[in-house]
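Data first, discussion second: the structure below is written as structure tokens.
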Amino acid sequence: MVDPMHFEAHACIYGEARPPYPPALWDSLRGLGVLEPGLRALDIGAGTGQATGPLIAAGLNVTAVEPGRRLAAHLRRAHPEAAVIVECVEDAELPEKAFDIAIAATSIHWIDLDIALPKIHRTLTDNGRFLVWRNVFGDPDARTPFREHVARIVQDRRTPPRPGPDPEDVSALTAEFTRSGLFAVDVVRTFRWNIELNDRQVFRLFSTFSDWTAEEADRAATAVRELGGTVVEHYMTWLVALTPANIPCADRR
């Protein structure tokens, strides 16, 4: 089974190993009006600050929720302007109507939505937005020799797949976000992009994946060397923007 605290063991390299979110995502968020200076943002599952940093740079006041103590320590050092809560969002005490936006950036698959969605709904202002996005490492529409190597590594596993909805299946996740009636979908967008990586970068990146072992990451790095020393990875990032439903306080769960 995958370990939700896997990232703690890689806290020292996590921020450098993971590529940043693509500029097109931030342009889209800017177009939605959610990156205005002075807005109050709740960053859920913030890690070492891959989303926190750009939010602060845009002038937002950020409260970051991160359960990993080592990850949170890196986050505080990198972004001292952020208020950091070292807890799971399911356990955190969040004030009512305190945030203009809440985001879950490549973290939603670790969150118990039955517990978290009502809390997020309560902590957002009436005109707030809940923004969920994820980097998908490997565009399923882009077939490359390196991705064929990756597919063989995955096929050789004997461990069961991650339980729950596929975090890359936007339609399934969108249905999960809205089934409680607390949120309605406003925008769904997908951005495609690519990045060139060498064998060391591939090893470090794949080592941060919760369902990859060090041996598997080394096999991926070996494949890069066999393919000439660098590969172009085709990735995608999906974004779902949701608006909170107007539900009387007595009916909220």
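Predicted, not measured: the structure shown is a model, and the values here were computed from it.
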For W133 and T237, what are the C-alpha separation, side-chain angles and deciding distance, and is it a side chain to side chain donor-acceptor pair (under 3.5 Å)?
CA-CA 7 Å; W133 69 79; T237 301; over 6 Å; no

As an exercise, state the distance from CZ of R18 to CZ of F137, rounded to the nearest 0.5 Å.
5.0 Å

Which atoms form the tightest heavy-atom contact between A41 and L60, and what is the distance?
CB-CD2, 3.9 Å

Any donor-acceptor pair under 3.5 Å from T208 side chain to L205 backbone
yes

Separation between CZ of R70 and OG1 of T48, rounded to the nearest 0.5 Å:
12.0 Å

Name all residues meeting the side-chain hydrogen bond (donor to acceptor under 3.5 Å, both in side chains) criterion together with D27; count only those two or more places apart in sequence or in a different chain, and write none if there are none.
R30

SB check R219 D156 (cutoff 4.0 Å)
yes

Can you find a pair of side-chain heavy atoms, one from F99 and one from L39, that are under 4.5 Å apart?
no

Residue set satisfying side-chain hydrogen bond (donor to acceptor under 3.5 Å, both in side chains) with R76, at least two apart, ordered chain then number -> none

So is R157 actually on top of W212's ring, under 6.0 Å and inside 45° of the axis?
yes

Backbone of L94 reached by a side-chain donor or acceptor of K119 within 3.5 Å
no

Any donor-acceptor pair under 3.5 Å from E66 side chain to E87 backbone:
no

Given the rule that I, L, V, M, F, W and Y join up when any side-chain heavy atoms are under 4.5 Å apart, are F177 and L25 in one cluster?
no

Contact check, side chains of S210 and W110, non-hydrogen atoms, under 4.5 Å:
yes

Examine V34 and Y21 and state if one hydrophobic cluster contains both, with Ile, Leu, Val, Met, Phe, Trp and Tyr joined whenever side-chain heavy atoms are less than 4.5 Å apart.
yes

Indicate yes or no for a side-chain donor-acceptor contact from S107 to the backbone of I44 under 3.5 Å, with no hydrogens or angles considered.
yes

Under a 4.5 Å cut-off applied to non-hydrogen side-chain atoms, are V136 and W238 in contact?
yes

Start with the C-alpha gap between L29 and L131, add the side-chain angles, then the distance that decides, and say whether side-chain contact (heavy atoms from CB on, under 4.5 Å) holds.
CA-CA 9 Å; L29 294 172; L131 306 160; 4.1 Å; yes

Quick check on the hydrophobic clustering: are W193 and V150 connected, directly or via other members, by side-chain heavy-atom contacts under 4.5 Å?
yes

Checking side chain to side chain contact (heavy atoms under 4.5 Å, CB included) between R129 and each of L242, I101, I103, L124, which is the one that passes?
I101

Taking N135's backbone N and O only, do any of them form a donor-acceptor pair with T106's side chain (distance below 3.5 Å, no angle check)?
yes

Could you check whether any side-chain heavy atom of F146 comes within less than 4.5 Å of a side-chain heavy atom of V232, counting everything from C-beta outward?
no

Lys/Arg N to Asp/Glu carboxylate O, R147 vs E233, below 4.0 Å
yes

Quick check: closest heavy atoms across G49 and L75, and the distance to 0.1 Å?
CA-CD1, 3.5 Å

May I have the step-by-step check of side-chain contact (heavy atoms from CB on, under 4.5 Å) for Y235 and D139, ending in yes or no?
CA-CA 5 Å; Y235 293 156; D139 186 336; 5.9 Å; no

Between V65 and C88, what is the shortest heavy-atom contact and its length?
CG1-C, 4.1 Å

Do H149 and L227 make a side-chain contact, defined as non-hydrogen atoms from C-beta onward lying under 4.5 Å apart?
yes

Can you tell me how far OG1 of T243 sits from CG of D126, rounded to the nearest 0.5 angstrom?
11.5 Å

Path from V154 to F203 over hydrophobic side-chain contacts below 4.5 Å
no

Kindly say whether T213 contributes a backbone atom to a donor-acceptor pair with the side chain of E216 at under 3.5 angstrom?
yes

Can you see which heavy atom on H121 is nearest to which on P244, and at what distance?
CD2-CB, 3.6 Å

Rounded to the nearest 0.5 Å, how far apart are CD1 of I111 and CG of L117?
8.5 Å

Nearest heavy atoms of A51 and W26, plus distance in Å:
O-CH2, 4.0 Å

Side chain to side chain, V86 and P67, heavy atoms closer than 4.5 Å:
no

Quick one: are V240 and V170 in side-chain contact, heavy atoms under 4.5 Å?
yes

Side chains of P118 and L182, heavy atoms from C-beta outward: is any pair under 4.5 Å?
yes

Please test T222 against D199 for side-chain contact (heavy atoms from CB on, under 4.5 Å), starting from the C-alpha separation and ending with a verdict.
CA-CA 7 Å; T222 299; D199 59 327; over 6 Å; no

Is it the case that the side chains of T52 and D43 hold a donor-acceptor pair, with the cut-off being a distance below 3.5 Å and no angle test?
yes

Check for a donor-acceptor pair, side chain of H234 on one end and backbone N or O of G138 on the other, with a separation under 3.5 Å.
no

Please say yes or no: joined through hydrophobic side-chain contacts below 4.5 Å, possibly via intermediate residues, are L55 and F191 part of one cluster?
yes

Would one find more than 12 heavy atoms of other residues, nucleotides or ligands at under 6.0 Å from atom CD of E93?
no

Kindly state whether the ring of F130 and the ring of F183 have centres lying under 6.0 angstrom apart.
yes

Nearest 0.5 Å please: distance from the CG atom of L239 over to the CG atom of L32.
6.5 Å

Check side-chain hydrogen bond (donor to acceptor under 3.5 Å, both in side chains) between D141 and all other residues, then give those that pass, not counting sequence neighbours.
R192

Spacing of CZ belonging to R200 relative to CZ belonging to R225, to within rounding of 0.5 Å
12.5 Å

What pair of heavy atoms forms the shortest contact from P140 to M236, and how long is it?
CD-SD, 3.7 Å

